[in-house]
Asker: 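One structure is given below, represented as structure tokens, and several questions about it will come after.
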Amino acid sequence: MGTYQGRHALIFAAAPETDYGYIKAFLREHPDALIACADGGLRHARALGLHPDFMISDRDSMTDVEGDDVILLRPEKDDTDSQSCLREVFRRGCHEATLVCATGGRIDHMLANLSLLEEAKTLGGHLAILDPYNRVELHQGGRQEFTMPEEFTYFSIVPMDAVLEGVTIENAKYELTNGTVTRIGMISTSNEAAPHSRFAVTIDRGTALIIFSRDRSL
């Protein structure tokens with residue numbers, strides 16, 4: 001359809017969240033972001049004083065709907081609301097999306113949301129998942145460069161396959177050359193790189209999550 005061509009979509013899921021500072025920081029960097037809500041994600045958008053450009057809802061998390069463009073779904077369906085929302089904004093022309101309010105609460109929903117990182121790639125786009133302490137991206141193999149965000153302390157490589165082969169980490173505190181990283185006995189958590197520096201991760205075979213993180217303040 002192309003309605004949202006070139007827009008970066010900020011998608012609100014419905015997981016419990018009260019710390020919105022990271023979302024405000026994102027909006028300062030992306031003031032023209034498309035605001036999309038998946039059902040109960042509308043509560044979070046409203047808490048930030050945002051009016052949705054798009055909303056998709058089966059009304060099982062909340063009965064209210066709001067937005068310039070609203071699609072209503074039946075509660076009895078296979079896909080989650082976040083999954084349907086991602087598919088729709090990409091179908092309408094977005095190629096970049098950030099999913100927020102998606103990691104707290106139910107673990108099954110959190111894992112389903114993490115799976116959307118792979119689905120976004122199949123849709124021809126890129127998705128990141130953001131919360132107050134983490135940023136999660138997908139690494140599908142080959143050599144990828146990343147910039148270490150100032151707001152995070154660590155980065156970890158979490159295998160989605162049982163084995164990652166030919167793993168090379170460059171320009172980080174703990175480097176690795178043509179190594180093997182396994183999901184059981186994982187050795188690739190809590191690496192570090194200087195803020196704003198570029199580091200590279202090469203994976204010859206396998207898919208992984210790249211997770212930027214910081215410790216929770218006490």
Asker: List the steps and the verdict of salt bridge (charged side-chain N to carboxylate O under 4.0 Å, His left out) for Glu151 and Arg135.
Answerer: CA-CA 10 Å; Glu151 63 269 29; Arg135 175 183 173 89; over 6 Å; no

Asker: Is there a side-chain contact between Leu42 and Pro52, using heavy atoms and a 4.5 Å cut-off?
Answerer: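 Contact flag for Leu42/Pro52 side chains = yes.
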
Asker: Tell me the salt bridge (Lys or Arg N to Asp or Glu O under 4.0 Å) pairs involving residues 11-24, sequence neighbours left out?
Answerer: none

Asker: If every non-hydrogen atom of Ala33 is compared with every non-hydrogen atom of Asp53, which pair is closest and at what distance?
Answerer: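 Result for this residue pair: O-OD2, 4.1 Å.
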
Asker: Tell me whether Tyr20 is reachable from Ile35 by hopping between hydrophobic residues (I, L, V, M, F, W, Y) whose side-chain heavy atoms are closer than 4.5 Å.
Answerer: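 Yes, because Ile35 and Tyr20 connect within a single hydrophobic cluster, where side-chain heavy atoms sit under 4.5 Å apart.
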
Asker: With heavy-atom distances below 4.5 Å as the criterion, would you say the side chains of Leu209 and Leu138 are in contact?
Answerer: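 Yes, at least one pair of side-chain atoms sits under 4.5 Å.
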
Asker: Which heavy atom of His8 sits nearest to which heavy atom of Ala97, and what is that distance?
Answerer: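 Reported closest heavy-atom pair: NE2-C, 3.7 Å.
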
Asker: Set out, in order, the CA-CA distance, both residues' side-chain angles and the distance that settles side chain to side chain contact (heavy atoms under 4.5 Å, CB included) for Thr103 and Asn134, then state yes or no.
Answerer: CA-CA 10 Å; Thr103 58; Asn134 307 278; 5.8 Å; no

Asker: Could you check Met186 against Ile157 for side chain to side chain contact (heavy atoms under 4.5 Å, CB included), going step by step and ending with a plain yes or no?
Answerer: CA-CA 9 Å; Met186 190 166 49; Ile157 303 169; over 6 Å; no

Asker: Tell me whether the count of non-hydrogen atoms from other residues, nucleotides or ligands lying under 6.0 Å of CZ in Arg205 goes above 12.
Answerer: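 Count not over threshold, so no.
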
Asker: For Leu50 and Cys37, run side chain to side chain contact (heavy atoms under 4.5 Å, CB included): C-alpha distance rounded to whole Å, both residues' side-chain angles, the deciding distance at 0.1 Å, then the answer.
Answerer: CA-CA 10 Å; Leu50 300 172; Cys37 293; over 6 Å; no

Asker: Is Ile129 close to Asp131 at the side-chain level, that is, under 4.5 Å between some pair of heavy atoms?
Answerer: no

Asker: With a 4.5 Å limit on heavy-atom distance, are the side chains of Thr98 and His30 in contact?
Answerer: no

Asker: Is there a salt bridge (charged side-chain N to carboxylate O under 4.0 Å, His left out) between Glu118 and Lys121 once you walk through the steps?
Answerer: CA-CA 5 Å; Glu118 287 190 285; Lys121 291 290 186 181; over 6 Å; no

Asker: Which pair of non-hydrogen atoms, one from Met55 and one from Ser57, has the smallest distance, and what is that distance?
Answerer: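 Looks like CE-CB, 3.9 Å.
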
Asker: Please name all residues satisfying ring-ring contact (aromatic ring centres under 6.0 Å, His included) with Phe54, sequence neighbours left out, ordered by chain then number.
Answerer: none

Asker: To the nearest 0.5 Å, tell me how far Ser156 OG sits from Glu192 CD.
Answerer: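 The CD atom of Glu192 is 10.0 Å from OG of Ser156, to the nearest 0.5 Å.
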
Asker: Are Ile71 and Ile11 linked, directly or through other ILVMFWY residues, by side chains that come within less than 4.5 angstrom of each other?
Answerer: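 The answer is yes; both residues are in one hydrophobic cluster.
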
Asker: Is there a side-chain contact between Arg92 and Arg7, using heavy atoms and a 4.5 Å cut-off?
Answerer: no

Asker: For Ala36 and Cys85, work out which heavy atoms get closest and say how close.
Answerer: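 Residues Ala36 and Cys85, closest heavy atoms: CB-SG, 3.9 Å.
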
Asker: When clusters are formed by joining ILVMFWY residues with side-chain heavy atoms under 4.5 Å apart, either directly or through shared neighbours, do Met160 and Leu111 land in the same one?
Answerer: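 As far as the 4.5 Å side-chain criterion goes, Leu111 and Met160 are connected within one cluster.
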
Asker: Test Phe146 against every option in Phe155, Phe152, Phe199 by the ring pair (Phe, Tyr, Trp, His ring centres under 6.0 Å) rule and name the one that passes.
Answerer: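 Single pass found, and it is Phe199.
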
Asker: Do the side chain of His139 and the main chain of Val201 share a donor and acceptor less than 3.5 angstrom apart?
Answerer: yes

Asker: Do Asn191 and Lys173 have side chains that get closer than 4.5 Å, going by heavy atoms?
Answerer: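 SC-SC contact between Asn191 and Lys173 confirmed.
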
Asker: Measure the CG-CD1 distance between Leu73 and Ile56 for me, rounded to the nearest 0.5 Å.
Answerer: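 Answer for the CG-CD1 pair, Leu73 versus Ile56, is 4.5 Å.
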
Asker: If two hydrophobic side chains count as joined below 4.5 Å and joins carry through other members, does Ile107 share a cluster with Val136?
Answerer: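 Per the 4.5 Å side-chain linkage, Ile107 and Val136 are co-clustered.
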
Asker: For the pair Asp81 (side chain) and Asp39 (backbone), establish whether a donor and an acceptor sit closer than 3.5 Å, ignoring hydrogens and angles.
Answerer: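 No, the answer is negative, given that no donor and acceptor are paired below the 3.5 Å cut-off.
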
Asker: Going only through I, L, V, M, F, W and Y residues with side-chain contacts under 4.5 Å, is there a path from Met148 to Tyr154?
Answerer: no

Asker: What I'd like to find out is whether the side chain of Asp68 reaches to under 4.5 Å of the side chain of His51, using heavy atoms alone.
Answerer: yes

Asker: Provide the closest heavy-atom pair for Cys101 versus Phe12 in the form atom of the first, atom of the second, distance.
Answerer: SG-CD2, 4.1 Å

Asker: To the nearest 0.5 Å, what is the distance between CZ (Arg198) and OG1 (Thr147)?
Answerer: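 Arg198 atom CZ to Thr147 atom OG1 measures 3.5 Å (nearest 0.5 Å).
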
Asker: So which atom in Ser115 and which in Ala112 form the shortest heavy-atom distance, rounded to 0.1 Å?
Answerer: OG-O, 2.5 Å

Asker: Starting at CG of Leu164, measure out to OG1 of Thr207 and round the result to the nearest 0.5 Å.
Answerer: 8.0 Å

Asker: How long is the straight-line distance from OG1 of Thr202 back to CD of Gln144, given to the nearest 0.5 Å?
Answerer: 9.0 Å

Asker: Side chain to side chain contact (heavy atoms under 4.5 Å, CB included) between Asp204 and Asn178: does it pass, once the steps are laid out?
Answerer: CA-CA 9 Å; Asp204 288 343; Asn178 196 31; 4.0 Å; yes

Asker: What distance do Glu96 atom CD and Leu34 atom CG have between them, rounded to the nearest 0.5 Å?
Answerer: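 So the gap between those two atoms works out to 13.0 Å.
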
